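Encoded as C-alpha cells, the structure appears first; notes follow it.
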There are 2 protein chains.
Amino acid sequence: MKCSAPLALASATRGRPREFDPDQALAAALQVFWRRGYESASMAELTEAMGITKPSLYACFGNKEALFKKALDLYERDKLKYIGTALEAKTAHEVAERLLNCALATHCGASDPQGCLGVISMVGCTAEAESIRADVVARRASSEAAVVRRFEQAKADGDLPESVCPTKLASCLMTVLQGLSVKAQGGAKREDLQGAIDTFLTMWPRR
Amino acid sequence: MKCSAPLALASATRGRPREFDPDQALAAALQVFWRRGYESASMAELTEAMGITKPSLYACFGNKEALFKKALDLYERDKLKYIGTALEAKTAHEVAERLLNCALATHCGASDPQGCLGVISMVGCTAEAESIRADVVARRASSEAAVVRRFEQAKADGDLPESVCPTKLASCLMTVLQGLSVKAQGGAKREDLQGAIDTFLTMWPRR
DNA sequence: AACATTTCATACCGAACGGTATATAGGGGT
DNA sequence: ACCCCTATATACCGTTCGGTATGAAATGTT
C-alpha cells in the first residue's frame, strides 16, 4: 500500500530494488487511459503497456483509481500546461486563441485525433468511479474559474467590451474547448476543428 | 432473433402472447442508455427498468447492440426532432438560437442535466462497440451536413456575411452543441449553459 | 382434447473484470 | 554468512459481464 517516496527517487535502500521506473510506467499508463478512458482501460492492458505485473502495479500505485488520478496529475502537468501559459497572453482574444490552438495541437498531435482525457473520463464514467468523475469535474471547474478571473482582468483593462460578462464568456469558451474534444474523439479531421476554431475567433467580441 | 413486426402491432396470433409493450420497454431502455451510456448500462439494469427478463429482451430486440440502435432511433425521433424544425427557421441566427435552446431544454428537461445520448455513447465507447461508435459518428455527420446546407442557403439569401464559410460556421455551432453536452454531463447548472448559449449568440456574425 | 408455436422464468455458461495470496528472487544491514 | 525487507512471478479469488439452454405456461389451430 505505501508508496513512500512519491513516484520519484525511491531510494529505499532496503529490500529488492524495483526493476522499473515508476515515472516511465505512469507515462505508459497515461497513454492507455488517454486512448481508452478510465473504465475501458483494463488492468491487463495497463500492465502490458507499463511492462510490469499486476502485483507490482498495486504495490507501487495502490489501485486502478489511484493510478488514474496520478496519471491525471501527469496529464495536467504535461499536456495541459498550455492552459497556464495561455492565460498569460496580453489580450483576452489572444488567450482564447492560444487555448484553442494549443488544445488542437495537443489533441491532434501524435497519431489519430483524440479528445481530452478529462472529457473522455468524465463522460465515460457513470457506473462506479463517481470519485473519478467528481475529481475531473472539480479540476475542470478550477480551470474555468481561472479563465473567468483572466477575463475579469481583461475587462478591467478595457480589453473586452463593457457588455460582455466574463463568467459567461469563459463558459462559452470552455464549451467550445470541450466540444472540440468530442469532435476529435469522433474522428474529426484537423481541418474541421481548425475551421471551427477560426470561425469562433472571428466572432470574438471586440472592443 | 426474428422480431417480425418491427416493434409495433406485433399481432402474431400464434403462440403465447407477450406480456409487455415493446415500445414502452424500448422507451425504458432509452432512459437507461441515456443516463448511463452504452457500455455502462448493464443488461441487468436494462431488464429491470424495462420490466422484462433477459430471454424476453433477446427474443424481441436481438442483443444489447441492436437494442441500443433501436433506442438511438427512438431518441432521434423523439428527442432530436427539434433539429429538423430548427432548420426551418427564417434566419441562420434563429436556426442557431433554436438549436442551442432546444438542446438546452432537452438536456436539462426532466431531472438532473445530462448530455446528449450520442455524445455520451460515442465518447464512452472505445473498447468493443466500434459499430456503435461508427453509427453515432455517421448520424452526427449527417446532422452537421444538414446545418451546412442550411447555412449555404442562408448565405445565398444574404442572411450571412460573405466572409463566413458555411461549413466552418456549422462546425463551430456543432462544436458548441457538443460542448454543452459535456458540460451538462459534468453537472453544470442550467444558468451556466444558458450563459454560454447567450454569449455565443451575441457573437453570431451579422450581415 | 391434442398439437404447434411462442413467451416466460429460472438457472446457468464461459469470459473478463479488479484485486490478491503465496512463494521465490534479489538486494542492504550487521 | 545470516537476517530482514521488498519486488517479482504465477496462480488464484469472487463478482459481474453479455448471452443462452431448458422446461413450464399460455395462446390459436385442428
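Here the structure is a predicted model, which is why all the values come from computation and not from measurement.
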- Output yes when B:Arg149 and B:Glu152 qualify as a salt bridge under the 4.0 Å nitrogen-oxygen rule, no when they do not. no
- Task: Please report, rounded to the nearest Å, how far the C1' atom of C:dC8 is from the CG atom of B:Asp21.
- Result: 17 Å
- Are B:Phe200 and A:Trp204 near enough that their ring centres are under 6.0 Å apart? no
- Check side-chain contact (heavy atoms from CB on, under 4.5 Å) between A:Glu65 and all other residues, then give those that pass, not counting sequence neighbours. A:Tyr38, A:Asn63, A:Lys69, A:Ser131, A:Ile132
- N or O in side chain of A:Ser42 less than 4.0 angstrom from C:dC17 OP1/OP2: yes
- Task: Just jot down the side-chain contact (heavy atoms from CB on, under 4.5 Å) partners of A:Glu45, sequence neighbours excluded, or say none.
- Result: A:Val32, A:Arg36, A:Ser42
- Message: Nearest whole Å is fine: how far is D:dA9 P from A:Met50 CE?
- Response: 14 Å
- Message: Check this for me: does any side-chain nitrogen of one of B:Asp135 and B:Arg139 sit under 4.0 Å from a carboxylate oxygen of the other?
- Response: yes
- Item | Short side-chain N/O contact to C:dC8 OP1/OP2 from B:Ser56, under 4.0 Å | yes
- Message: Expressed as a whole number of angstroms, how long is the span from A:Glu48:CD to C:dC17:C1'?
- Response: 16 Å
- Query: For every nucleotide of nucleotides 25-30 of chain C, 5' to 3': is a protein heavy atom under 4.0 Å from its base (B), only from its sugar-phosphate (S), or from neither (-)?
  - Reply: BBBS--
- Among A:Thr199, A:Asp198, A:Asp192, find the residue that satisfies the side chain to side chain donor-acceptor pair (under 3.5 Å) test when tested with B:Ser171. A:Asp192
- Query: Please give, in whole Å, the distance from D:dG19 P to B:Glu65 CD?
  - Reply: 9 Å
- Task: Let me know the distance between NZ of A:Lys54 and C1' of C:dG18, rounded to the nearest Å.
- Result: 7 Å
- Between B:Asn63 and A:Pro55, which is nearer to the 5' end of DNA chain D once each is assigned its nearest nucleotide? A:Pro55
- If you measure from the Lys or Arg side-chain nitrogens to the Asp or Glu carboxylate oxygens, is any gap between B:Glu144 and A:Lys183 under 4.0 Å? yes
- Item | Whole-Å distance separating the CZ atom of B:Phe20 from the P atom of D:dA25 | 20 Å
- Message: From CD1 of B:Ile132 over to P of D:dG18, roughly how many Å is that when rounded to an integer?
- Response: 12 Å
- Task: Write down the distance between OH (A:Tyr58) and P (D:dA11), rounded to a whole number of angstrom.
- Result: 19 Å
